[in-house]
Undergrad: 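Right, I'll just put the structure down here and ask away after.
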Protein chains: 2
Amino acid sequence: MQAEFHLHSESATPEGAPGTHRPGGRTARNREAVLDAALATLAEVGYADTCVQDIATRAGVAPSTIYRRWGNRDGIILDLALTLVAEPVAALPDTGDLETDLAALAHAIVEVMQSPRIGLVQSILFAAAVQTPTARQTLNTIITRRVEDTKGIAERAVARGELPADTDPARVINTLAAPIYHRWFITGETPDTDDLTRFAKVATLAARHGLLS
Amino acid sequence: MQAEFHLHSESATPEGAPGTHRPGGRTARNREAVLDAALATLAEVGYADTCVQDIATRAGVAPSTIYRRWGNRDGIILDLALTLVAEPVAALPDTGDLETDLAALAHAIVEVMQSPRIGLVQSILFAAAVQTPTARQTLNTIITRRVEDTKGIAERAVARGELPADTDPARVINTLAAPIYHRWFITGETPDTDDLTRFAKVATLAARHGLLS
DNA sequence: AGGTAAACGAAAGCCGAGTTGCATTAGAGT
DNA sequence: ACTCTAATGCAACTCGGCTTTCGTTTACCT
């Protein structure tokens, strides 16, 4: 019970550790099998009851292999998170109206949170980020990337004169995302369509009034 | 490693468990000693490295006593959280202007988050809420109580005609709190005064426009 | 095709968290 | 004060996660 997210610093991409010298063949197959098994186990029994032994069994791999390459359970999850975030995101909405685009983005965010693939890992990472700097950094990487991927919505609104020129696009996205995550993580509710529409309205209103510069 | 926040359902206030029949004297002293030791250990070594043995040693209590009364480490933290949240909150700001009041409340929220007493436990509870329904429920209790304690700010604004009559006071508070928590937990930053002022402006603007009804 | 060593699998051992039984202490009521 | 028993301390025990060792497989280079 002593190490909750104490990943050895060689976790994600070690240096001279197993998996680096011969990244192909069996090594690659095992990596994929373990990550798949980890995701499946997480979805099935939850984070708390997920143990390395089960992942190893499901992946058809020896526990010692996992411990050597990932250190512990959280090392696997970290690797899983970094792998999943590397996947491309869906196309951005572009209707020519900021509020409509933001509402669509809001729905997309909720959809991602609900997905067993990304949403699950993201929630776990969120929880771990409170407890350990390494998870914190990984989460930051993901969040920053998401904002970068979506802030085009606000940039286009600025370009067509819908928003003040000095508007910070990232701030617009964060203003939309904040209440969604607040609902999801803090109050533990899934925002409904009315909520998402309102969140989009608030963000749009604030941006139009030059509050997000 | 199998049980991260699997508190037995008898955790906070059991039924026929130790601590219920003779709540005074040694029982009370031990309870206080354990909770104090838990808080001190958490602040010192962090959540991950906090173990029951250390808490027991610091409290001058046998580990078996803790296991019998709290079940496990998270049971202690849960009890700690419920105890801390029972403490009275600071007086509400009442300047006669909604935006000013909200800005003051925003500062108060950040101050609480930064306090080693409440902030630390609250963070841990946030993390745990993602993983277990019991922690989720405790967190909801705390959040609901906080909103109830502070929504007077919005109610007064409605009363003096600064906001539409159908405004939902709780929604105003949540609109202010959401970006603060987003900063704190998701991006991992401490909001500065400019941020808090902006959050207050956005919430005020949205409420005035009747978006929070 | 052959050689080298990285990566793996199996099994044994270690270590510490968590549990339990029993003797002792000390609340709470009489 | 006296009694009863809840609550505790102590210590032995169990159990499972994690580590280590060693022989085997196999990816990669020549």
Side-chain angles (χ1 to χ4, degrees), chain A residues 1-8 10-11 13-35 37-38 41 45-77 79, chain B residues 1-8 10-11 13-35 37-38 41 45 47-79:
Chain A
M1 184 71 76
Q2 80 284 19
E4 232 93 298
F5 219 105
H6 269 207
L7 2 104
H8 322 166
E10 340 89 36
S11 271
T13 308
E15 280 147 56
T20 53
H21 293 87
R22 292 177 178 175
R26 180 174 57 172
T27 299
R29 282 196 306 275
N30 279 349
R31 195 185 109 91
E32 195 173 354
V34 167
L35 293 188
T41 306
V45 304
Y47 177 78
D49 288 334
T50 296
C51 65
V52 173
Q53 321 282 335
D54 292 346
I55 296 177
T57 303
R58 191 190 286 249
V61 161
S64 57
T65 297
I66 293 185
Y67 284 115
R68 263 188 294 252
R69 289 184 57 179
W70 286 279
N72 55 30
R73 174 188 57 173
D74 294 306
I76 306 176
I77 295 175
D79 194 357
Chain B
M1 185 73 74
Q2 80 284 20
E4 232 93 293
F5 218 105
H6 268 205
L7 0 105
H8 323 167
E10 340 87 38
S11 271
T13 308
E15 280 146 55
T20 53
H21 294 86
R22 291 176 178 174
R26 180 173 58 171
T27 298
R29 282 197 305 275
N30 279 348
R31 196 185 108 92
E32 195 173 354
V34 168
L35 293 187
T41 307
V45 304
Y47 177 77
D49 287 335
T50 296
C51 64
V52 173
Q53 320 281 334
D54 292 345
I55 295 176
T57 303
R58 191 190 286 248
V61 161
S64 57
T65 297
I66 293 185
Y67 284 117
R68 267 189 283 252
R69 288 183 58 178
W70 285 278
N72 55 30
R73 173 188 59 173
D74 294 306
I76 306 176
I77 296 175
L78 191 63
D79 194 357

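Because the structure is a prediction, the values reported are computed rather than measured. A, B, ... follow the sequence lines: proteins, then strands. Residue 1 opens every chain.
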Undergrad: Just to confirm, is there a sub-4.0 Å distance from OP1 or OP2 of C:dC8 to any side-chain nitrogen or oxygen of A:N30?
TA: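 Affirmative; the distance criterion is met.
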Undergrad: Taking 4.0 Å as the cut-off, does a side-chain nitrogen or oxygen of B:Y67 come that near to OP1 or OP2 on C:dG18?
TA: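 Answer is yes, contact under 4.0 Å.
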Undergrad: Can any side-chain N or O of B:R73 pair as donor or acceptor with the backbone N or O of B:Y47 at less than 3.5 Å?
TA: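 Judged by distance alone, yes, a pair lies under 3.5 Å.
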Undergrad: Looking at B:Q53, I'd like to know whether one of its side-chain N or O atoms comes within less than 4.0 Å of OP1 or OP2 on C:dG16.
TA: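 Answer is no, no contact under 4.0 Å.
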Undergrad: To the nearest angstrom, how far is B:R68 atom CZ from C:dC22 atom P?
TA: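 After rounding, the gap between these two atoms is 13 Å.
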Undergrad: Where the side chain of A:T65 is concerned, which of C:dG9, D:dG9, D:dG17 is the nearest nucleotide?
TA: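 Shortest atom-to-atom distance from the side chain points to C:dG9.
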Undergrad: How about B:T65 and B:R69: does a side-chain donor come under 3.5 Å of a side-chain acceptor?
TA: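 The answer is no; no qualifying pair exists.
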Undergrad: Which is more 5' along DNA chain C, the nucleotide nearest B:V52 or the one nearest B:G25? Just name the residue.
TA: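 The answer here is B:V52.
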Undergrad: Counting heavy atoms from C-beta on, name the nucleotide in C:dA17, D:dG9, C:dG9 closest to the side chain of A:V61.
TA: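 Selected nucleotide (nearest to the side chain): C:dG9.
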Undergrad: Taking atom P of D:dC18 as reference, at what distance in whole Å does atom CG of A:D54 sit?
TA: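 Atom-to-atom, A:D54 to D:dC18, this comes out as 11 Å.
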Undergrad: How close do A:V45 and A:T50 get, heavy atom to heavy atom, and via which atoms?
TA: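 That would be CG2-OG1, 3.6 Å.
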Undergrad: Phosphate oxygens OP1/OP2 of D:dA27: is one of them under 4.0 Å from a side-chain N or O of A:R29?
TA: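 Yes, A:R29 has a side-chain N/O under 4.0 Å of OP1/OP2 on D:dA27.
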Undergrad: How many Å lie between CH2 on A:W70 and C1' on D:dG17, as a whole number?
TA: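 Taking CH2 of A:W70 and C1' of D:dG17, I get 18 Å after rounding.
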Undergrad: How about A:W70 and A:V34: do any of their side-chain heavy atoms sit closer than 4.5 Å?
TA: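 With C-beta onward as the side chain, the pair touches.
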Undergrad: Under 3.5 Å, is there an N or O donor on one side and an acceptor on the other linking the side chain of B:R26 and the base of C:dT25?
TA: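 Yes, the side chain and the base share a sub-3.5 Å donor-acceptor pair.
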Undergrad: For B:P63 versus B:Q53, what's the shortest heavy-atom pair and its separation?
TA: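 Closest approach of B:P63 to B:Q53: CG-OE1, 3.9 Å.
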Undergrad: Could you tell me whether the phosphate oxygens of D:dT8, OP1 or OP2, come under 4.0 Å of any side-chain nitrogen or oxygen in B:R69?
TA: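 For D:dT8, OP1 or OP2 has a side-chain N or O of B:R69 closer than 4.0 Å.
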Undergrad: Rounded to whole Å, please give me the gap between CD1 in B:I66 and P in D:dA7.
TA: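 Rounding to the nearest Å, CD1 of B:I66 and P of D:dA7 are 16 Å apart.
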Undergrad: Specify the separation, in whole Å, of atom CD1 of A:I76 and atom P of D:dG17.
TA: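 Interatomic distance, CD1 of A:I76 to P of D:dG17: 13 Å.
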Undergrad: On DNA chain D, check which nucleotide each of B:T27 and B:S64 is closest to and give me the residue with the more 5' one.
TA: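 First, find each residue's nearest nucleotide; the 5'-ward one identifies B:T27.
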